[in-house]
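Structure first, commentary second.
Small disclaimer: the values here were computed from a predicted structure and weren't measured. Start at 1 with the first residue, then count along the sequence. Values below: all heavy atoms of this structure, side chains included; hydrogens, waters and symmetry mates excluded.
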Amino acid sequence: MNRLGLHLRPWSISLLKLHMLTKNSERYLSKVHQMFINNGLMTFSQTNKKNFTIQWNKELDERGYEKLVGMFLEIESENKTPQLLQFDSLVSNWAFNTKRPELAERWLNFRLQKECSRAVKVSLVLDYINSFTGLRPEEIDEQKIINSVMEIKSDIMNTDNITFAKVIPPLCMTSGYKSCMELMKEYTKNFTKDVYLLPKNLAYRLPDVVDAAIRKDDFKFAAEIIREHKDIANHFLFKLWKGLLKHSDTLSVVRIFELFSSVDNCNLPHSIKDDLLQILEKDQKQWKVFKDPSIKGKHCENCGEKIEPHIFDGEGIEMIKTNISATLDRHNKDRFSTFLQFLHSLEDINYVVDGMWLNHHFIMKEKKTFHSTMELEDYLHQYLPGRKLIIARNVFFHQHEHIFDDPDVIGFPVNYSDDERKKSASSLDDLFLLYAALQFNQSCYIVTGDYMRDHISKLKENLTELCSRWILSKSIKTFQRVSPNTWELPITAKPFVKTKKGWHISTSDRIHSPRVWCIQECK
């Protein structure tokens, strides 16, 4: 329910593609659909024994329009608001699918002749301006869209974000596309007090703004938007990348790569890789692609350049630390205060180790894994050369007190807090582990088998994706034997890096097997 008192989630024409429950499918259609079909405005057709579809009558003469009005007045007399909204939405879908915004405009004028609520007016105007989105940009009436948006601007700021997001696509088709970002920030600030935290439904519309900027040859503005929202989730990025590659006929490969490189979170889906390859293969005279070249000493054997590690944004890391700190201070204040003093006394740490995870592998011998016969001291020495901080519950330190004789092995016990015993807080030892690793950031890795999804989900929305990628890039849980003499810390390759000969593109976020494409420009 939004602030204006109505759910404004639009009815989708895709909802009409229903599964037939019996042979008499028509009886499962709503009353509104039945009215459209019975008056010859809609055509019902059964495609096979299981499915049926509905098609619009593309021609609507004056007599047909009079039927439409008569049908609406009949429903209005019954005073059923949901059916009225469904009727409006069907007319809007009709106008969109037949590319006739003049029908949507005529219907809007008819509906506004009578008194209606602000919520209904917003819904009608949004339906009207979205009827333009099926047209080419040169076919639309810019001024009508801009004037309509200004007419409902104050009301739309108080709707739910699904309804608000409907204003973005039509506005992006006009010269006012830049105002979309200001509108989104103003709307977001009303709800979150943070202009950089976009709700999911608005984040999904960012590609529309980027697409508009590219159509207007405003490459600089497109790059600014991508950089400002570089930490958005992968499923939002997918739409963005698809939109960028759609402009491959007008955008050069270098331009596309420059835009891609603006984003920190860039684990390319297979379909995007395939599209990218097709674009590069079209211009084989200019580009050569070497998939998964050999990497020795963290250098690409094809071009000889270093595989650059991904460096996470310091401001984002500090925000995650602040969020975790608030949780620990609230649920285990005394121990966390001691922990902070303890961390300040330490110098560089190479690994923060999950002691309870070690317990699982070295004490629960019934698991019969190949390393169950290995002594814990040997594992710490052979597999984790360097300084180690083990964080665990008190029981771990009672069982393995002898391992701390090694000066490179340091421990910090985390007792159960009262809130944990009362079940008012989830297990906090993982948060101590995360905080310590964040404290040493770039030089420190986490040794654990826990992805900590339960803790990540409790962070602020704009931090969950960043924290998830950070943990993935810093977690070590392999037992592959590596000689201490040849040991190298694993890396997460930077997503897009410009090299002297072209580009390195990371195609894997797995730190133990970094994979890249070496793309070289032919000269």
Between E78 and K31, does the salt bridge (Lys or Arg N to Asp or Glu O under 4.0 Å) criterion hold? Intermediate values first, please.
CA-CA 12 Å; E78 298 175 3; K31 178 182 177 180; 2.6 Å; yes

Run the side chain to side chain contact (heavy atoms under 4.5 Å, CB included) test on Y128 and I145 for me, step by step, so that the C-alpha distance in whole Å, both residues' side-chain angles and the decisive distance to 0.1 Å come before the verdict.
CA-CA 9 Å; Y128 164 55; I145 295 176; over 6 Å; no

Step-by-step side chain to side chain contact (heavy atoms under 4.5 Å, CB included) determination, L41 to M35
CA-CA 9 Å; L41 303 178; M35 291 178 73; over 6 Å; no

Under the salt bridge (Lys or Arg N to Asp or Glu O under 4.0 Å) criterion, do K80 and E74 qualify, and how do the steps go?
CA-CA 10 Å; K80 293 182 178 179; E74 181 183 337; over 6 Å; no

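Listed for the T98 side chain is a donor-acceptor partner under 3.5 Å among the backbone atoms of W94. Side-chain atoms of R111 never come within 3.5 Å of backbone atoms of C116 as a donor-acceptor pair (strictly under, hydrogens ignored). Between the D160 side chain and the I162 main chain, a donor and an acceptor come within less than 3.5 Å of each other.
A 4.5 Å side-chain heavy-atom check between H33 and Q86 finds at least one atom pair inside the cut-off. With contacts defined as side-chain heavy-atom distances shorter than 4.5 Å, the pair V149/I129 qualifies. Counting heavy atoms from C-beta on, the side chains of I446 and L433 come closer than 4.5 Å. At least one side-chain heavy atom of L431 sits under 4.5 Å from a side-chain heavy atom of L428. The side-chain heavy atoms of H504 and C303, taken from C-beta on, include a pair separated by under 4.5 Å. Residues S89 and L85 have side chains not in contact (no heavy-atom distance under 4.5 Å, counting atoms from C-beta outward). Inter-residue side-chain proximity for V289 and Q520 is flagged as unmet; no heavy-atom pair is nearer than 4.5 Å. Contact of the L259 side chain with the L240 side chain is not registered, since no non-hydrogen atoms from C-beta on lie closer than 4.5 Å.
For the pair K498 and F257, the cation-pi test (distance below 6.0 Å, angle within 45°) is failed.
Nearest heavy-atom pair, D127 versus D88, reported as atom, atom and distance to 0.1 Å: OD2-O, 4.2 Å. The two atoms that bring A222 and I214 nearest to each other are CB-CG1, 4.2 Å, heavy atoms only. Taking each heavy atom of A213 and F221 in turn, the nearest pair found is CB-CD2, 3.8 Å. What you find for W287 and I519 is that their closest heavy atoms are CE3-CG2, 3.7 Å. The two residues S325 and Y435 make their nearest non-hydrogen contact at CB-CE1, 4.0 Å. Nearest approach of W503 to V254, heavy atoms of both residues: CZ2-O, 4.3 Å.
Atoms CZ and OG1, on F96 and T133 in that order, are 4.5 Å from each other to the nearest 0.5 Å. One finds the CD atom of E224 at 7.5 Å from the NZ atom of K178 (value rounded to the nearest 0.5 Å). Taking NZ from K288 and CG from L280, the interatomic distance works out to 13.5 Å, rounded to the nearest 0.5 Å. The CZ atom of R118 sits 14.5 Å away from atom OG of S123, with the distance rounded to the nearest 0.5 Å. The NZ atom of K166 lies 9.0 Å from the CD1 atom of I156; values are rounded to the nearest 0.5 Å. Note that CD of E258 is 12.0 Å distant from CG of L244, once rounded to the nearest 0.5 Å.
We find that K121 and D155 are not joined by a salt bridge, their nearest charged nitrogen and carboxylate oxygen being 4.0 Å or further apart. A salt bridge links E76 with K114: at least one charged nitrogen is closer than 4.0 Å to a carboxylate oxygen. A salt bridge does not link R63 with E66: none of the charged nitrogens is closer than 4.0 Å to a carboxylate oxygen.
A search for side chain to side chain donor-acceptor pair (under 3.5 Å) contacts involving Y177 returns D218, not counting sequence neighbours. Considering only residues two or more places apart in sequence or on other chains, K144 meets the salt bridge (charged side-chain N to carboxylate O under 4.0 Å, His left out) condition with E105.
Aromatic ring orientation, F110 versus W107: tilted (interplanar angle from 30° to 60°).
A donor-acceptor pair shorter than 3.5 Å cannot be found between the side chains of D274 and S271. Inspection of the D275 and W241 side chains reveals no N or O donor paired with an N or O acceptor under 3.5 Å.
Within a 6.0 Å sphere centred on NZ of K99, other residues, nucleotides and ligands contribute 12 heavy atoms or fewer. Annotation for E102: atom CD counts as buried by contact number, over 12 foreign heavy atoms lying within 6.0 Å.
Close placement of the F87 and F36 rings is indicated, their centers lying within 6.0 Å of each other.
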